[in-house]
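Since this is a predicted model, take the numbers as computed values, not measurements. All heavy atoms count here, side chains included; hydrogens, waters and symmetry mates do not. Note that ligands are numbered from 1 as they come in the structure, with each ligand's atoms numbered from 1 the same way.
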Amino acid sequence: IQTAPIAITGDPVLYQKAAPVTVFDDSLERLSQTLMATMLQAKGVGIAAPQIGVSQRLFIVASRPNERYPDAPLMEPMVMVNPALLSGSSEWESSEEGCLSVPGKRLSIARHRWVEAKWQDLQGNAYSGRLDGFIARIFQHELDHLDGITLLERVT
Ligand SMILES: O=C(O)C[C@@H](Cc1ccccc1)C(=O)SCC(=O)c1ccccc1
Ligand SMILES: [Zn+2]
């Protein structure tokens, strides 16, 4: 399985609004495999398609316990296509985030404590539900990537 280079701060692809996925075919499957392999190699807990230069609306959320978030849930990596935020809690929480596209930085970012989200899987099936904690944080971080927003534009 191929990995891809990760775009870093300054690469225009990081500041574009990504296009919705409309075709759920083999090439989408291959893109998600490249995305997954790249995230695993980079030891990330998430990654968005624009970070490998593909301006399409899909990302992966892959929470796992880590030194920064020791009680983070261990989850099967989840591929989310055409994700959207339906609503977010009025309470916000600030916590340190990293970004594979902003190497070496840890920035405190305020996020909704929980979100109601909807998305599709690689076959186009629709899902919706509430995400909270670290998973909600990763979701919001990755959704920013689809809208051309990185940590540096979010820091309060
Ligand atoms: O750039 C990305 O999208 C990946 C990013 C996801 C993310 C990390 C922390 C909070 C929200 C979103 C990373 O995985 S950064 C590197 C990393 O592995 C990590 C950083 C902080 C905590 C846990 C892991
Ligand atoms: Zn990032």
Side-chain angles (χ1 to χ4, degrees), residues 1-21 28 31-85 87-89 91-122 129-156:
I1 299 275
Q2 288 298 317
T3 60
I6 293 176
I8 59 168
T9 314
D11 188 325
V13 72
L14 293 175
Y15 310 101
Q16 292 166 13
K17 191 166 172 55
V21 171
L28 182 67
L31 171 58
S32 79
Q33 288 171 350
T34 301
L35 211 43
M36 185 76 74
T38 305
M39 179 193 70
L40 293 174
Q41 184 182 67
K43 298 187 176 29
V45 291
I47 193 168
Q51 292 182 276
I52 63 167
V54 177
S55 198
Q56 294 251 317
R57 300 188 79 80
L58 81 147
F59 56 64
I60 297 173
V61 174
S63 167
R64 55 171 160 74
N66 57 85
E67 60 295 331
R68 181 78 194 66
Y69 300 84
D71 53 359
L74 176 62
M75 67 183 276
E76 265 305 295
M78 197 150 76
V79 180
M80 304 178 103
V81 181
N82 299 327
L85 189 82
S87 67
S89 61
E91 307 85 26
W92 295 66
E93 190 167 285
S94 286
S95 186
E96 276 197 357
E97 298 184 9
C99 183
L100 299 175
S101 296
V102 186
K105 284 261 189 314
R106 284 275 182 277
L107 295 171
S108 179
I109 305 291
R111 302 286 188 185
H112 293 290
R113 286 184 71 105
W114 55 261
V115 294
E116 291 287 346
K118 69 173 182 174
W119 65 94
Q120 292 171 273
D121 64 14
L122 287 171
R130 175 176 290 205
L131 308 172
D132 56 14
F134 189 47
I135 294 176
R137 177 168 294 274
I138 301 170
F139 180 90
Q140 293 171 80
H141 178 115
E142 304 309 335
L143 190 61
D144 274 354
H145 276 305
L146 302 188
D147 293 332
I149 300 164
T150 73
L151 277 193
L152 301 175
E153 288 82 49
R154 269 271 181 235
V155 79
T156 41

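- Where the criterion is an N or O separation shorter than 3.5 Å, residue side chain and backbone included, Asn66 fails it with respect to ligand 1.
- More than 12 heavy-atom neighbours from other residues, nucleotides or ligands sit within 6.0 angstrom of CZ on Arg64.
- For atom 10 (C) of ligand 1, the closest non-hydrogen atom of the protein is Glu97 CG, 3.5 Å.
- In terms of protein heavy-atom proximity, atom 5 (C) of ligand 1 is nearest to Gly98 O, 3.7 Å.
- Counting only distance, with no hydrogens or angles, the side chain of Glu97 and the backbone of Leu151 share no donor-acceptor pair below 3.5 Å.
- One finds the CD atom of Gln16 at 4.5 Å from the OG atom of Ser55 (value rounded to the nearest 0.5 Å).
- Rounded to the nearest 10 degrees, the angle SG (Cys99) to the Zn ion (ligand 2) to NE2 (His145) equals 110°.
- Taking a cut-off of under 4.0 Å to the non-hydrogen atoms of Tyr69, the atoms of ligand 1 that pass are 22 (C).
- Among all protein heavy atoms, the one lying closest to atom 19 (C) of ligand 1 is Arg106 NH2, 4.2 Å.
- Not one N or O on the side chain of Arg130 forms a donor-acceptor pair closer than 3.5 Å with the backbone of Trp114.
- Within ligand 1, counting atoms from 1 as listed, the ones closer than 4.0 Å to a heavy atom of Gln51 are 1 (O), 2 (C), 3 (O).
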### Query
Would Thr150 and Glu153 satisfy side chain to side chain donor-acceptor pair (under 3.5 Å), going step by step from the backbone distance to the final call?
CA-CA 6 Å; Thr150 73; Glu153 288 82 49; 2.7 Å; yes
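- The shortest N or O to N or O distance between His141 and ligand 1 is below 3.5 Å.
- Heavy-atom neighbours of Gln2 CD from other residues, nucleotides or ligands within 6.0 Å: at or below the threshold of 12.
- Using 4.0 Å as the threshold, Glu67 has no heavy atom nearer than that to any atom of ligand 1.
- Set against the non-hydrogen atoms of Cys99, the atoms of ligand 1 under 4.0 Å away are 1 (O), 15 (S).
- The ligand atoms of ligand 1 that sit less than 4.0 angstrom from a heavy atom of Gly44 are 14 (O), 18 (O).
- Put simply, the side chain of Asn82 gets close to the backbone of Val21: a donor and an acceptor are under 3.5 Å apart.
- Counting the atoms of ligand 1 from 1 in the order shown, those under 4.0 Å from a heavy atom of Glu142 are 2 (C), 3 (O), 4 (C), 6 (C).
- Note on ring orientation: taking the six-membered ring where Trp is involved, the planes of Phe59 and Phe139 are perpendicular (angle over 60°, cut-offs 30° and 60°).
- For ligand 1, the atoms sitting less than 4.0 Å from at least one non-hydrogen atom of Gly46 are 2 (C), 3 (O), 4 (C), 14 (O), numbered in the order shown with element in parentheses.
- Within the model, atoms CD1 of Ile149 and CG of Leu143 stand 8.0 Å from one another, a figure rounded to the nearest 0.5 Å.
- Taking only nitrogen or oxygen atoms, main chain and side chain alike, Leu100 reaches within less than 3.5 Å of ligand 1.
- Between Arg57 and Leu146 the shortest heavy-atom distance is NH1-O, 3.1 Å.
- Protein heavy atom closest to atom 18 (O) of ligand 1, with residue, atom name and distance, is Lys43 O, 2.8 Å.
- Residue, atom and distance of the protein heavy atom nearest to atom 8 (C) of ligand 1 are Val45 CG2, 3.5 Å.
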